[in-house]
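It should be emphasised that the depicted structure is a prediction, and the values quoted were computed from it without experimental measurement. Excluded from the calculations below are hydrogen atoms, water molecules and symmetry mates; all remaining heavy atoms, backbone and side chain alike, are included.
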There are 2 protein chains.
Amino acid sequence: MRPGKAAHADRCPVSAVMGLRERKKLEAWRTIRSAALGLISERGFDAVSVEDIAAEAGVSRTTFFSYFSSKEAVVYDLDPEEVRQWRALLDDPRDGQPLWAAITEVALGLAQLLSERLPLQKRLFEQSPELCRSARGTCDSFEPDLKLWLAARVPDGDELRTALVFNTALAAFTTAIEAWDPDDPFETFLESVRDCLRWAGAGLARTGS
Amino acid sequence: MRPGKAAHADRCPVSAVMGLRERKKLEAWRTIRSAALGLISERGFDAVSVEDIAAEAGVSRTTFFSYFSSKEAVVYDLDPEEVRQWRALLDDPRDGQPLWAAITEVALGLAQLLSERLPLQKRLFEQSPELCRSARGTCDSFEPDLKLWLAARVPDGDELRTALVFNTALAAFTTAIEAWDPDDPFETFLESVRDCLRWAGAGLARTGS
DNA sequence: AGCGAAACCTGAACTCAGTACAAGTTCTTA
DNA sequence: TAAGAACTTGTACTGAGTTCAGGTTTCGCT
């Protein structure tokens, strides 16, 4: 039997035994990201170059791009640990729940998961149109997973309607983000997410509240 | 009384008397755009540089950027003539119609307006992830106008709900675009737009068709 | 007709994101 | 511990987007 490294290191709070290489990689990832967020949140997104970030993280520009696929990605990408939580969120069977209710739960779970990052991100959006324009990129990490999840739940539904459900849920979520003031308590944001999903679920053609 | 140039040239099918300067500008705009679309649709978006386009249009790179704010913009931006039609579409009072019905009409009108361009655009999306990623930019020209229009119709409604209505309508529209095969007849696309808006209006939490 | 101002076009020089690659370093595994 | 895979780095390149000074065209007015 081998020393560390049992079977596969897919479970456990990530940090478990997983080889020097992997551990270093995660560490480097986090170093780069926090260097980036530090610089960006004090100078603003546009005023920080990838070179600045790399220098601050003590790493080369080339290496930066081997960890993040773009400058925006360093703001959007999920920590591996968060990815794990996200998958766990989707793996919950949620049997018997109607589709829209299940979606609402996933959305709220996601919001919780992002609670640390979101206020900062929102503030960055406000000051940098550059970044804001690519805001849709936030979802790039979620989209594939979420589409699979949806497809599994609506096995034979028609394509168009399934896509609509997905995009509308996303619209509800981003609407809540747009409307949220990052200085307000996070609970306010969660309320908005709930409201938006409820309204969209009930039908927007309905007048009144 | 002066010769040409009566009052202001805001009405009329644009092409009316409007000064040499303006006419040249419009002409240059169209030359650049069609040079761009020509090159792009034969070589693909990524394989054409701004320099290529400028050269093909017989104009300098600098000038290109004085007409279009980015390389993507040359694909997305509306011809001034189309802008005129778009504004006309929004100016129609549509009295007495419930909000969602009015939105549906605007969306269908917009689709009609884009009918020429859309098949090509869709094909470009399919081949260039680069371009596709910034697809949301398509709406950048519509967003401000549309938000004003909406705000005028829901004068005292709450912000969040208004934003949700807007984003959901947009989601419905883009869903129809995503699902559409540009080789199918345009009517198919219009049907999808109608369906998506109807479903979103009726409430996505409702199961079944 | 003609003149001054404003708008326009252009080439050159620059910044920065993103990619390619070859050469060096570090970890893994058997 | 040696072969090899994975990772890092500097260098060099492409291409988008900006700035700017200087030249040309059009406009408004007389």
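- Taking atom CD1 on Ile53(B) and atom C1' on dA16(D), their separation rounds to 11 Å, with Å as the unit.
- Rounded to whole angstrom, the span from the CG atom of Leu131(B) across to the C1' atom of dA16(D) amounts to 15 Å.
- Here Lys25(A) reaches the OP1 or OP2 of dC7(D): one of its side-chain N or O atoms lies under 4.0 Å away.
- The residues Glu27(A) and Arg30(A) are annotated as not salt-bridged, no charged nitrogen and carboxylate oxygen being separated by less than 4.0 angstrom.
- Taking atom CZ on Arg43(B) and atom P on dG15(D), their separation rounds to 11 Å, with Å as the unit.
- Rounded to an integer number of Å, the gap from CZ of Arg21(A) to C1' of dT26(C) is 6 Å.
- Following rounding to the nearest Å, Glu130(A) (CD) and dA16(D) (C1') show an atom-to-atom distance of 11 Å.
- Note on Ser49(A): only backbone sugar-phosphate atoms sit closer than 4.0 angstrom, heavy atoms only; bases stay farther off.
- Taking only side-chain atoms of Thr63(B), from C-beta outward, the nucleotide of dT10(C), dT26(C), dT25(D) with the closest atom is dT10(C).
- Using a cutoff of 4.0 Å between basic side-chain nitrogens and carboxylate oxygens, Asp195(B) and Arg161(A) are not scored as salt-bridged.
- Distance Lys71(A) NZ to dA17(C) P: 5 Å, rounded to the nearest Å.
- Glu27(B) has its CD atom 15 Å from the C1' atom of dC9(C), to the nearest Å.
- Proximity of Lys24(B) to the phosphate of dT26(D): a side-chain N or O atom is located under 4.0 Å from OP1 or OP2.
- In terms of polar N and O atoms assigned as donor or acceptor, the side chain of Thr62(A) comes within less than 3.5 Å of the base of dG10(D) in a complementary pairing.
- Between Asp79(A) and Arg33(A) there is no salt bridge, since no side-chain N of the basic residue sits under 4.0 Å from a carboxylate O of the acidic one.
- Taking for each of Leu20(B) and Phe64(B) the nucleotide of DNA chain D with the nearest heavy atom, the 5'-most of the two is the partner of Phe64(B).
- Residue Tyr67(B) is the one, among Tyr67(B) and Phe65(A), whose nearest nucleotide of DNA chain C lies closer to the 5' end (criterion: closest heavy atom).
- Rounded to whole angstrom, the span from the CZ atom of Phe68(B) across to the P atom of dT18(D) amounts to 15 Å.
- Under a 4.0 Å N-O distance rule, the pair Glu143(A)/Lys147(A) qualifies as a salt bridge.
- Between the side chain of Arg61(B) and the base of dG17(D), at least one donor-acceptor pair of N or O atoms lies under 3.5 Å.
- Shown here is Glu126(B), whose CD atom has more than 12 heavy atoms of other residues, nucleotides or ligands within 6.0 Å.
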